[in-house]
There are 2 protein chains.
Amino acid sequence: MYGVTARQERESDGVAYGGSGDPRRSIELLWGVPPRRKRGPKPRLSVADIRQAGVALADAEGLAALSMRRVAAELGVSAMALYTYVPSKAELIDLMLDGVYAELPTGDVPGEGWRDRLATLARENRALLEWHPWLLSIAMSRPVMGPGVIAKYDRELRAIDGIGLDDIEMDSVLTLLIGYVQSAVREGLAAAGAERSTGMSDEQWWAAYQPAFDAVLDPAGYPVAVRVGSAAGAAQGGAYHPGRAFEFGLARVLDGVAALIQRRR
Amino acid sequence: MYGVTARQERESDGVAYGGSGDPRRSIELLWGVPPRRKRGPKPRLSVADIRQAGVALADAEGLAALSMRRVAAELGVSAMALYTYVPSKAELIDLMLDGVYAELPTGDVPGEGWRDRLATLARENRALLEWHPWLLSIAMSRPVMGPGVIAKYDRELRAIDGIGLDDIEMDSVLTLLIGYVQSAVREGLAAAGAERSTGMSDEQWWAAYQPAFDAVLDPAGYPVAVRVGSAAGAAQGGAYHPGRAFEFGLARVLDGVAALIQRRR
DNA sequence: CCGTCACTCCGTACATCGTACGGTGTGCGG
DNA sequence: CCGCACACCGTACGATGTACGGAGTGACGG
């Protein structure tokens, strides 16, 4: 049984990674339990070095460019050397995820009421995802239970603790909010990223497609789509600020939460 | 410049696909413009055959298992033969996406008011994503402008046309709703899929991790996370129906939309 | 009627991936 | 100071997408 085969069975839907090896080892890795080595040559690297190199590479070139060989090269070491620190690429990605979460602030979320605080949380999460877009490509098949992830979860929960929701509702509201932010950022990055990677701006792309498109499309068949689609397209192409769409959706989500809180009182 | 390299540059964040080749060719492919071939041997396959084989494979084994060689094998043909029908794997995926959308109903969404109709839409989208989980692994760098995608967009817009929102708001509300459904399904499938692929149930997994986890975690450091996390975990492990979480978030989103509509009047 | 040529299909080749395996060298504990 | 635990590396394998060139097929132009 060789590498790729085994891994692909586990990644059955494209980008699934997650604690898949020995649980104890994974946890120790995430929490930085010092390795108990005595004899032998001094290690040239540390797990943190590898994590940082991985993050830097993913930040610069995306998750697809993150290969063990590339990371190793960045550190001046052979690919296989990494496996003395990290059991597999999947655990490395877990480490990277937890690592960027761990750099987030840990103090109480500032804000007057829950709505202010949730909005701040949403904007912070948005900034994080825009800084590390590869986070969106990680599908966690199991939660990564590292210190960064848990600290983030705790801080976010504290922002809505004691406002009248029960524990399960708190978790659900947070899931809803974070899910919204991920959707919105995914949407936004798709457009921006496509421009960079295809070398065509939105206008250029549309100019290239439109003739072929008009040749096949019967506008009468999709009346509303054509009307709204062109309005939405114009809005996005025009002076419509990208942050506007984000704030619009955010306001809706928060309104929904407000209705829940009101009902609970 | 070889294949994988070129593609990876384009897929800079993991799973990006989308119209990347000749626009005219892509559109004709999507809309099924008949190829104008005269001479030569009769083609053994059709684009539709290839699309269907791809969908079947992705349904059964996920996007990661979708390789040109596998699809070709399924059709009793060599890998390279596919390239006479489809310019690249990226366009095949576009075709698959548009194809499953095209199988959706096209009539008006049933329901008394906008809220009913949006809820129906959400549940339909949820069913679609659970049936074809690989849809969640496709990151569209550009919209796929095929007949299925446009028909779906049109039908969904018609469900909220004329209820007091302007065109841009209609588009935004739909984006919000679909984004919510994607988040929720992603969440739900992650748990279910992990169980299948790691061969451990949630309880088994947790039982394996908990000892190592408790050894490193200081509960006092993350008071709210520990409290809420265990409550949420118990709820999910207990008799808490999976659809419950979906309906909870959906109700919040619809409440948010309701607030918007009310304000517009 | 036959030769031409567009067209379908295939075999091979390349760069790249994750990682299993076995070997080499290093430096601390006995 | 010897032995062993450990860090590190080279090589190899089965995958991947797809470029390239060759082989066979069948309808049209002459």
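Owing to the predicted nature of the structure, the values given are computational and were not obtained by experimental measurement. Chain letters run A, B, ... following the sequence lines, proteins first and then strands; every chain starts at 1.
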Legend entry - Interatomic distance where CG belongs to Leu75(B) and P belongs to dT8(C) [whole Å]: 16 Å
Legend entry - Side chain of Arg44(B) - closest among dC10(C), dT18(D), dC8(D): dC10(C)
Legend entry - Rounded distance in Å - CE (Met68(B)) to C1' (dC9(C)): 14 Å
Contacts under 3.5 Å, N or O only, protein and nucleotides 21-28 of chain C:
none

Legend entry - Spacing between Lys89(A) atom NZ and dC17(C) atom C1', to the nearest angstrom: 8 Å
Inset, instruction - Assign Thr84(B) to base, sugar-phosphate, or nothing according to its heavy-atom contacts below 4.0 angstrom with the strands shown. - result: base
Legend entry - Pairs meeting criterion side-chain hydrogen bond (donor to acceptor under 3.5 Å, both in side chains) with involvement of residues 62-86 of chain B, two or more places apart: Glu61(B)-Arg70(B)
Legend entry - Partner set under salt bridge (Lys or Arg N to Asp or Glu O under 4.0 Å) for Glu124(A), not counting sequence neighbours: Arg155(A)
Inset, instruction - Look at the side chain of Ser88(B) and decide which nucleotide, out of dC10(C), dT18(D), dC8(D), has an atom nearest to it. - result: dT18(D)
Legend entry - Atom pair distance, as rounded to whole Å: OH in Tyr83(B) and C1' in dC7(C): 19 Å
Legend entry - Centroid separation Tyr153(B) to Tyr101(B) less than 6.0 Å: no
Legend entry - Protein-nucleotide distance (Ile50(B), atom CD1; dT8(C), atom P), rounded to Å: 11 Å
Legend entry - Asp171(A) (side chain) donor-acceptor with Ala232(B) (main chain) under 3.5 angstrom: no
Inset, instruction - To the nearest Å, give me how far apart CZ (Arg69(A)) and C1' (dC9(D)) are. - result: 13 Å
Legend entry - Phosphate OP1/OP2 of dC8(D): any Tyr85(A) side-chain N/O under 4.0 Å: yes
Legend entry - Whole-Å distance separating the CG atom of Leu82(B) from the P atom of dC10(C): 9 Å
Inset, instruction - Examine dC8(D): is either OP1 or OP2 under 4.0 Å from a nitrogen or oxygen in the side chain of Ser78(A)? Give yes or no. - result: no
Inset, instruction - Name the closest nucleotide to the Ser67(B) side chain, picking from dT16(D), dC8(D), dT19(C). - result: dT16(D)
Inset, instruction - Could you name each residue pair satisfying side-chain hydrogen bond (donor to acceptor under 3.5 Å, both in side chains) that touches residues 49-58 of chain B, not counting sequence neighbours? - result: Ser46(B)-Asp49(B)
Inset, instruction - Using whole Å, report how far CG of Asp49(B) lies from P of dC9(C). - result: 11 Å
Inset, instruction - Please identify each residue that fulfils side-chain hydrogen bond (donor to acceptor under 3.5 Å, both in side chains) with Trp131(B), with sequence neighbours left out. - result: none
Inset, instruction - Remember a base hit wins even if backbone is also touched, and classify Leu66(B) as base, sugar-phosphate or nothing at under 4.0 Å, heavy atoms. - result: sugar-phosphate
Legend entry - Residue list, side-chain hydrogen bond (donor to acceptor under 3.5 Å, both in side chains) with Asp154(B), at least two apart or on another chain: Arg158(B)
